[in-house]
Amino acid sequence: MGSLTRANAARSASKGAAAPKPNTVKEQQLGDVGLGEKLRYEFDKSMAAGPIALVGWLSLVTLAVILTAAAVLAMTRLGPDGGFGFFEALWQSLMRTMDAGTVAGDAGWTFRGLNLFVTLMGILVFSALISIISAGLDSALEALRKGRSRVLEVDHTVIVNWSPSIFDIISELVVANESRKKARIVIMANKDKVEMEDEIADKVPDLKNTRVICRSGDPTDLFDLSLINAQTCRSIIVVSPEGVDDPDSQVIKTVLALTNDPKRREERYRIAAELRDARNAEVARIVGGDEVQLVLADDLISRIVVQSSRQAGLSAVYSELLDFDGCEIYTTELEELTGVTYGDAVMGYKDSALIGLRYPDGRVRMNPPMDEVIVAGARAIIIAEDDEAIKLTPAPEDAVDVAALRKPKAVRRTAERTLIIGWNRRGPMIAHELSKYVKPGSVLTVAGDMPGFAEQIRSMPLGSKNMKVEAKVIDTSHSASIESLDPVSYDSIMVLGYSDTMEAQSADTRTLITLLHLRKLSERLGRHISVVSEMIDIRNRELAEVTRADDFVVSNKLVSLMLAQASENEYLSSIFDDLLDEDGSEIYMRPVGDYVDLALPVNFYTIAEAARQRGETAIGYRRKRESADDDGRNMGGVVVNPNKAEALEYLPEDRVIVLAED
């Protein structure tokens with residue numbers, strides 16, 4: 001027992017004499033690492049700093065070589081004329097490091113050998129330095145190519161996301177920016193910067209005084225959004241992105257990121273956002289508040305298609321109102337109108353057209369009652385070439401030819417038969433909108449060959465019970481199938497593209513085939529067929545004109561125009577909501593002969609007065625053109641906001657364009 005106790009005591013003493021253990025397992029593991037490995041690790045960490053660290057290490061190597069050579073030269077007194085002092089030797093070594101040719105003039109093999117070593121080290125170091133600089137420049141250029149630098153612009157227009165409509169938007173903004181200095185458009189999308197720039201250069205070759213700047217990034221990410229400098233922008237356009245399963249969600253998230261950015265500006269944004277599904281509008285308005293104007297693309301196109309099908313040429317009127325190249329809609333405060341009736345104010349402009357009012361509470365009403373007195377704080381909604389043209393110019397006393405005025409005629413509307421050929425996601429909206437305008441007993445026939453097409457037609461809701469819908473499953477690209485529909489028996493025909501199941505070009509090609517069959521049938525029967533067609537790509541409209549359809553609604557173009565205009569006019573969305581709503585005043589094209597006598601030339605003051613007496617606002621006319629040269633803008637003879645004093649001769653088939661409730 002005693003021996004065991006002594007043994008334990010001895011072991012305890014030996015442990016006490018031993019080195020202390022590491023406190024932790026990590027310290028024990030690090031204790032097994034050698035000095036060389038630790039130095040290599042520290043070197044690796046320094047190299048991770050990039051080109052700057054490499055330059056630092058090369059500088060240290062160069063400095064060590066120069067100092068060593070200078071010390072040897074100073075101590076050995078090697079060199080011409082009894083050698084060099086330390087500082088002169090330092091300078092001579094530096095020169096040989098930078099210039100390999102300097103060593104050629106040296107004498108003495110020891111001196112030459114030392115300088116040759118210094119020169120070789122200089123060649124090695126500077127070769128590595130050039131390589132590092134070259135790699136750094138390549139890296140910087142690659143970073144610039146990726147478009148990840150911050151934009152430092154002021155008063156610029158921002159476009160977020162990428163879609164085919166972006167080229168029309170840019171084209172319109174270029175026209176709007178002609179009077180601005182340093183006009184800039186900044187685009188951010190999940191797309192390669194160079195690809196965006198190449199496509200824009202190809203499809204919008206003439207940018208005039210506008211410069212387009214592209215950045216790659218995720219518009220829903222706050223860091224990426226900071227690159228476009230939205231805090232100093234003029235306006236923001238959020239387009240519906242292509243190639244995304246749920247584009248509306250992307251748009252709403254982008255608006256949310258813009259309006260709730262912790263670094264956002266205090267001043268309200270002016271945002272125009274495109275949505276495809278009207279059911280998402282409520283959420284988007286909650287997210288964007290009064291800072292966002294929503295352009296419901298499918299709803300907009302559907303309404304214009306319906307109205308154009310009932311009045312050929314109407315799409316040209318909407319294009320003119322939305323196009324920057326011509327007349328646009330302005331909202332302006334005019335104190336001199338306060339206390340004046342709307343009817344008197346309508347006649348107070350020679351080179352512009354008053355079409356409605358925006359009230360102080362935010363309501364918009366197009367073509368209000370003629371006896372309504374304009375209150376203080378109301379804004380005038382005016383069509384003009386530019387804001388400088390908006391001037392009150394009271395009409396001369398003899399401006400209206402009273403003898404030429406005609407009394408209104410009662411028009412009895414009857415049930416209608418409408419045919420839709422082709423189908424897409426806008427079809428149900430078109431049918432719903434059409435049902436609100438037609439009289440009881442009307443019939444809509446829809447012909448198409450999409451899977452599940454007939455079931456969708458039978459189950460879709462309508463806006464009223466005035467119209468019955470029937471479906472016919474046929475091959476809409478086959479002439480015999482189209483002829484079996486008896487197209488001449490319908491009051492109007494709409495041709496829609498299969499844009500949900502085909503690419504844009506393929507869908508437009510299918511539409512063109514259908515239009516050509518209708519034209520051939522019309523010529524063979526000697527009967528006019530009223531046809532309005534929806535086109536997707538504006539470039540296909542010129543091809544489609546050979547089909548002699550009455551009107552073309554180019555969906556992508558109209559949406560682009562609306563977005564571009566909304567970015568400049570914060571009230572435009574509510575204005576068009578009222579214009580396209582069946583409960584308010586809409587645009588109609590009516591025979592000029594119903595308003596004035598056509599025996600002699602009349603000015604537009606007279607036409608405007610005839611419309612005013614009916615509670616309507618005249619905004620233009622559509623005249624038959626003798627040649628295409630008279631209509632260089634391809635407006636189908638449509639003129640919006642004409643000079644009211646100019647007298648013209650009109651034909652019975654000419655139309656006056658008015659805002660009216662019915």
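We count residues from 1, following the sequence as given. These numbers come from a predicted model, not from an experiment.
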Is any NZ, NE, NH1 or NH2 atom of the basic residue among [X] and [Y] found under 4.0 Å from an Asp or Glu carboxylate oxygen of the other?
X	Y	value
Asp248	Arg276	no
Glu385	Lys391	no
Glu582	Arg303	no
Arg268	Glu570	yes
Asp597	Arg406	yes

Look only at the side chain of [X] and the backbone of [Y], and say whether a donor-acceptor pair between them is shorter than 3.5 Å.
X	Y	value
Ser442	Glu416	yes
Asn209	Arg180	yes
Arg623	Glu649	yes
Gln311	Met589	yes

Does the plane of the ring in Tyr650 sit parallel, tilted or perpendicular to the ring in Tyr621? Use 30° and 60° as the thresholds.
perpendicular
Taking all atoms of both residues into account, what is the closest heavy-atom pair of [X] and [Y], and its distance?
X	Y	value
Thr606	Ala399	OG1-O, 3.7 Å
Ala608	Met347	CB-SD, 4.0 Å
Ser308	Val532	O-CG2, 3.3 Å

Would the number of heavy atoms belonging to other residues, nucleotides or ligands and lying under 6.0 Å from CZ of Arg413 be above 12?
yes
Are more than 12 heavy atoms from other residues, nucleotides or ligands located less than 6.0 Å from atom CZ of Arg527?
no
Could you state the interatomic distance from CZ (Arg285) to CD (Gln293), rounded to the nearest 0.5 Å?
10.5 Å
Could you grab the distance from atom CD of Gln613 to atom CE of Met370, nearest 0.5 Å is fine?
10.5 Å
If only side-chain N and O atoms count, and only distance matters, is there a donor-acceptor pair under 3.5 Å linking Tyr595 with Glu616?
yes
Could you check whether Asn161 and Glu274, counting side-chain N and O atoms only, form a donor-acceptor pair closer than 3.5 Å?
no
Per the side-chain contact (heavy atoms from CB on, under 4.5 Å) rule, which among Glu534, Arg425, Met429, Glu433 passes with Ser302?
Met429
Applying side-chain contact (heavy atoms from CB on, under 4.5 Å) between Leu321 and each of Ile587, Leu572, Leu561, Ile575, report the one that passes.
Ile587
Pairs satisfying side-chain hydrogen bond (donor to acceptor under 3.5 Å, both in side chains), at least one member in residues 334-354, at least two apart:
Thr341-Asp344, Tyr342-Thr617, Asp344-Arg612
